[in-house]
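Encoded as structure tokens, the structure appears first; notes follow it.
Because only heavy atoms are used, hydrogens play no part in the values below, and waters and symmetry mates are left out as well, while side chains stay in. Here is how names work: the chains are called A, B, and so on, in the same order as the sequence lines, proteins then strands, and each is numbered from 1.
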Protein chains: 2
Amino acid sequence: MALDDSKSNAGSDKSVKGRLLDTAEGLFCERGFKGTSIRDIAASAGCNIASVNYYFGSKEGLYEEVWHRHLIPMRDSRIASINKVMSRAEGRHNLEDLLRSFADTFVGSMVDTSKTSRLSKLMAREYIDSHLPTDMFVNEVMTPTISAMHRALMKTCPDLDESKVLPIVFSVIGQLVHLVHIKTMFEHSGDDLSLPIFDSNEIIEHIVKFSAAGIRAYTGK
Amino acid sequence: MALDDSKSNAGSDKSVKGRLLDTAEGLFCERGFKGTSIRDIAASAGCNIASVNYYFGSKEGLYEEVWHRHLIPMRDSRIASINKVMSRAEGRHNLEDLLRSFADTFVGSMVDTSKTSRLSKLMAREYIDSHLPTDMFVNEVMTPTISAMHRALMKTCPDLDESKVLPIVFSVIGQLVHLVHIKTMFEHSGDDLSLPIFDSNEIIEHIVKFSAAGIRAYTGK
DNA sequence: GATATATTCAAACGATTGTTTTAAACTAAC
DNA sequence: GTTAGTTTAAAACAATCGTTTGAATATATC
């Protein structure tokens, strides 16, 4: 309720299938899978209820296709942001730059805010209420991302114990996912929280500083 | 499905109201609010469907009462664990001890595993799909806990900038909540994940070390 | 233009949801 | 034993869910 994006995609030049995907993505990440009905989706997309089953077979099918069109780009974007930092500054790799780049891509605070930020919320939901094949998210995104971070971290901190990379990545991702949660909480609670104001960029800078120090606790220097 | 705890509370010596609360708590944290039906709860508790509305007025009423009986004890437990560390070792307060104590109470890995661990899951869900009054969780648990950690951190690290305490607490809590998520993922996916084995205590020790270093990045020494 | 295929639509399907009803069973007080 | 109040029980409630149907419409192919 109070989303007032009903029919926001209606009359768009995109195809019915495209409108359904866009609309469903927004509703899924705002209200969750169970909280979003096919009737809601169809109404917001401005098309018939049956069209969901016509194009995607089922509600689950639509949910999976919402993910499928983002999983690979998402993974590639994260890996690319990691590799970009690693390629520049040939001689001396900067840990803070690596973390900041990863965090920005993760939270989506820089460009493409709406799309990336929505995906972050969707992913945060998927952690708890999974409606995807179990291995899908782990294999398609998590494992490749962790691998890329693994390589980058080992390159940046050569004397880092390899067994510590996974917990470190978990710590960084945990902070970032939590940042998305807090952001979502603030958006939903009408700014009447008794907590101080919340600037994503400030928090990201904190996470970078905090995590860099945490990582260096495992290095000799 | 495959929980096979149906009627696990049936025939218990507790009252119907108590059985409903216990059963609902377990189902809510495993399947979420929307994923748990009143019929599921009543069947598992071994009583009639109407009893939920008879004792709690509504499904939401039951959910709120599930929370209510734990919120204050939860808050007090966390604050107590913080204060306990701060009271002992009068002269020299140890940052690692503070973090470890807080983490243990948060994740519930030490004693009372089932109860505390279940609440952690429930809380992780509440972050995303809130079915409580907006201020309730923030006012009853988050704010008091943060305040206690604030005081303890300032006492342990006297030269810490006060404005950095909140982001630091967020970082620690973010890692802990994420740990609960990962644990839940492992439990639900039949141990077929391609990720290495996962020992909560090891991860907690990592979070302690990682966070202590992150915090000291803000102190002079 | 006729045919075949693809898409849209309103309507209904069966199942499940939270909730209410109505009566029976139980418990205690007098 | 009767009464009054509390608790349990089965059934039905209206609403909503995902899905399917079958006819109507649009689009393309020849």
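Remark: P of D/dG18 and CG of A/Leu27 are 12 Å apart, rounded to the nearest angstrom. The nearest whole Å value for the distance from the NZ atom in A/Lys59 to the C1' atom in C/dA15 is 15 Å. Rounded to whole Å, atom C1' of D/dG18 lies 12 Å from atom CZ of A/Phe28. When rounded to the nearest whole Å, the span between CD1 of B/Ile49 and P of C/dT22 equals 17 Å. For the pair A/Lys34 NZ and D/dT16 C1', the computed distance is 16 Å after rounding to whole Å. Here the P atom of nucleotide D/dT16 and the CG atom of A/Asp40 are 11 Å apart, to the nearest Å. Here the P atom of nucleotide C/dC13 and the CZ atom of A/Arg39 are 14 Å apart, to the nearest Å. Between the P atom of D/dT16 and the CZ atom of A/Arg31 lies a distance of 14 Å, rounded to the nearest Å.
A/Val52 comes within contact range of no nucleotide atom at all, as no heavy-atom separation falls under 4.0 Å. No engagement by B/Phe56 is indicated, since no non-hydrogen atom pair under 4.0 Å with the nucleic acid exists. A/Ser51 comes within 4.0 angstrom of nothing in the nucleic acid, heavy atoms only.
The shortest distance between the side-chain N/O atoms of B/Tyr54 and the OP1/OP2 oxygens of C/dT20 is not below 4.0 Å. Between A/Asn48 and C/dA10 there is a side-chain polar atom (N or O) within less than 4.0 angstrom of OP1 or OP2. Side-chain nitrogen and oxygen atoms of B/Ser37 include none within less than 4.0 Å of the OP1 or OP2 phosphate oxygen of C/dT16.
In the set D/dT19, C/dT17, D/dT7, the nucleotide with an atom closest to the side chain of A/Asn53 is D/dT19. In the set D/dA12, C/dT20, C/dA10, the nucleotide with an atom closest to the side chain of B/Ala50 is C/dT20.
Taking 4.0 Å as the cut-off between side-chain N and carboxylate O, B/Arg19 and B/Asp22 do not count as a salt-bridged pair. Checked for salt-bridge contact, B/Lys34 and A/Asp129 miss the test: no charged N lies under 4.0 Å from a carboxylate O. Using a cutoff of 4.0 Å between basic side-chain nitrogens and carboxylate oxygens, B/Arg118 and B/Glu25 are scored as salt-bridged.
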When you look at A/His150 and A/Glu162, which way does the side chain to side chain donor-acceptor pair (under 3.5 Å) test go after all the steps?
CA-CA 8 Å; A/His150 192 121; A/Glu162 294 216 22; 3.0 Å; yes

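For the pair A/Phe210 and B/Phe210, the minimum side-chain heavy-atom distance is below 4.5 Å.
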